[in-house]
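The sequence lines fix the lettering, A, B, ..., with proteins before strands; numbering per chain opens at 1.
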Protein chains: 2
Amino acid sequence: MPGLEHFLKTYLELTPPELEVIAKRFRHIALEKGAFFLQTGAFSDRLGIVEQGLVRIFLQTEDKEVTQWISTAGGLLTDLTGFVFGSPARWNMQALSDCSLWVIEKEAYYSLESEVPRFHHIDRRFVARCFSTLEDRIFSHLHMSAEERYQYMFERQPQLFNQVPLQYLASMLGMTPETLSRLRKKII
Amino acid sequence: MPGLEHFLKTYLELTPPELEVIAKRFRHIALEKGAFFLQTGAFSDRLGIVEQGLVRIFLQTEDKEVTQWISTAGGLLTDLTGFVFGSPARWNMQALSDCSLWVIEKEAYYSLESEVPRFHHIDRRFVARCFSTLEDRIFSHLHMSAEERYQYMFERQPQLFNQVPLQYLASMLGMTPETLSRLRKKII
DNA sequence: CTATCCACTTGACAAATATCAAGAATACAT
DNA sequence: ATGTATTCTTGATATTTGTCAAGTGGATAG
């Protein structure tokens with residue numbers, strides 16, 4: 001199984017010593033199926049990386065639950081807005097299966113600024129990469145149909161489609177479970 | 001008319017001396033109607049803030065043009081991904097009317113790191129705010145109908161609806177011009 | 001003033017997607 | 001294993017949105 005250092009390297013370009021200092025600040029925790037890593041309204045005072053398992057990021061609106069994303073191995077867990085601005089978290093993050101995570105506290109994260117000279121540069125690229133991912137996603141909603149979004153996601157994250165309840169995938173793709181079920185049938 | 005410093009303050013929390021140092025690095029330019037601030041594939045080596053006028057941010061796909069956003073006074077102009085990672089710009093940015101802009105070169109922007117001690121903190125919050133805006137937008141596509149997205153945008157940016165060709169607004173909302181025309185009629 | 005060009009609107013129709021309800025499959029607990 | 005959730009599928013139908021084509025209206029150049 002790829003370790004924390006492997007995942008850190010996929011987000012950030014780091015030298016071996018930087019990697020070591022940063023990795024040391026993470027601790028390893030278990031998150032049982034059904035448990036929350038974060039809940040709406042709480043303080044987002046830590047950042048997690050999924051080692052194993054699936055975590056659903058979602059929000060309750062008046063009329064329905066909206067799944068924003070499902071994080072798999074290597075995926076990021078944090079309410080970035082809350083983490084940066086200290087505002088109450090918008091998102092719930094709940095384990096869909098028994099998970100193991102690496103976690104760094106906000107305080108430890110920021111203290112890296114004084115330990116790793118290039119840290120602000122690293123962090124900046126990290127946030128910008130998150131931005132870039134969202135930009136792609138917005139774009140997909142502006143010019144793709146539900147079917148095209150399904151295909152696009154399926155190509156990029158095929159493992160999700162075996163493991164995640166379809167209702168959540170549907171919400172994450174901006175369609176109803178029935179529509180997703182029909183698209184899937186049509187395409188196979 | 002609100003000045004550059006006013007707009008900077010809306011993005012970033014700055015002390016008066018910081019504000020002064022940063023503002024000094026911007027220069028003031030005109031962008032004629034139809035001219036491009038940035039084109040797809042170019043280097044995104046500067047960041048602009050709209051003082052006056054409208055700038056459309058869009059991209060050409062095989063089958064259609066997709067308008068991602070329209071920047072009005074105070075709005076931001078940069079391909080953030082390109083600006084941070086040095087990759088070729090994804091977006092075109094074209095003036096819809098005669099515009100005046102404040103612009104800072106990438107090099108000058110980064111040199112602020114050594115002039116303003118808190119700069120990395122400021123910059124980080126800036127990027128995170130951009131992220132947060134996109135997150136809201138993704139969310140709107142996951143749970144709102146075209147009609148609801150129209151209403152939502154109309155409440156937040158009513159000025160756009162007087163000034164911008166509807167075809168661009170439609171694309172930005174992820175619908176056809178005909179649909180937008182009908183929604184507008186229905187709602188008024 | 002008039003011709004021309006856009007952008008916008010409207011209508012008729014088609015396609016995509018949602019809704020509601022029922023049945024089938026699957027997972028879960030006892 | 002068996003019964004009970006729950007989730008997924010399917011069908012019928014409604015609604016929303018898209019497409020295509022024609023028309024209207026307003027701006028602008030000559």
Quick one: classify the glycosidic conformation of D:dA22 as syn or anti, with syn meaning within 90° of 0. anti
Could you see if A:Val50 belongs to whatever hydrophobic cluster contains A:Phe36? Use Ile, Leu, Val, Met, Phe, Trp, Tyr and a side-chain cutoff under 4.5 Å. no
Are there any protein N/O atoms within less than 3.5 Å of an N/O atom in nucleotides 19-29 of chain C, and if so, which ones and at what distance?
from   : atom 1 : to       : atom 2 : distance (Å)
C:dT19 : O4     : A:Arg182 : NH1    : 3.4
C:dC20 : N4     : A:Glu178 : OE2    : 3.2

Take atom CG of B:Leu183 and atom C1' of C:dT9, then tell me their distance rounded to the nearest Å. 13 Å
With axes from five pairs an end, tell me the bend angle of the helix from C:dC1-D:dG30 to C:dA25-D:dT6, nearest 10°. 40°
Co-membership, hydrophobic cluster, residues A:Tyr152 and A:Leu183, 4.5 Å side-chain: no
Flag this pair as yes if the NZ/CZ of A:Arg184 is under 6.0 angstrom from the six-membered ring centre of A:Phe154 and inside a 45 degree cone about the axis; otherwise no. no
From the set D:dG18, C:dT10, D:dG11, return the single nucleotide nearest to any side-chain atom of B:Lys185. C:dT10
Closer than 3.5 angstrom, by distance alone: can the side chain of B:Ser71 be matched with the main-chain N or O of B:Leu76 as a donor-acceptor pair? yes
Let me know the distance between CE of B:Met175 and C1' of C:dT9, rounded to the nearest Å. 16 Å
Does the ring centre of B:Phe43 sit less than 6.0 Å away from the ring centre of B:Phe83? no
If the cut-off is 4.0 Å, is B:Arg184 near the phosphate of C:dC8, judged by side-chain N/O to OP1 or OP2? no
Any chain of hydrophobic side-chain contacts (each under 4.5 Å) joining A:Val55 to A:Leu8? yes
If you define the side chain from C-beta out and look only at heavy atoms, does anything of B:Gln68 sit under 4.5 Å from A:Phe139? no
Is it the case that the side chains of A:Thr67 and A:Arg56 hold a donor-acceptor pair, with the cut-off being a distance below 3.5 Å and no angle test? yes
Centre-to-centre under 6.0 Å for A:Phe126 and A:Phe131, is that the case here? no
Contacting residues from residues 137-168 of chain B, given that a heavy atom lies under 4.0 angstrom of DNA chain C: B:Pro165, B:Leu166, B:Gln167
Spatial distance of atom CD (B:Glu147) from atom CD1 (B:Ile187) [nearest 0.5 Å]: 4.5 Å
Reported CZ-to-CG distance for the pair B:Phe26 and B:Leu101, which is rounded to 0.5 angstrom: 11.0 Å
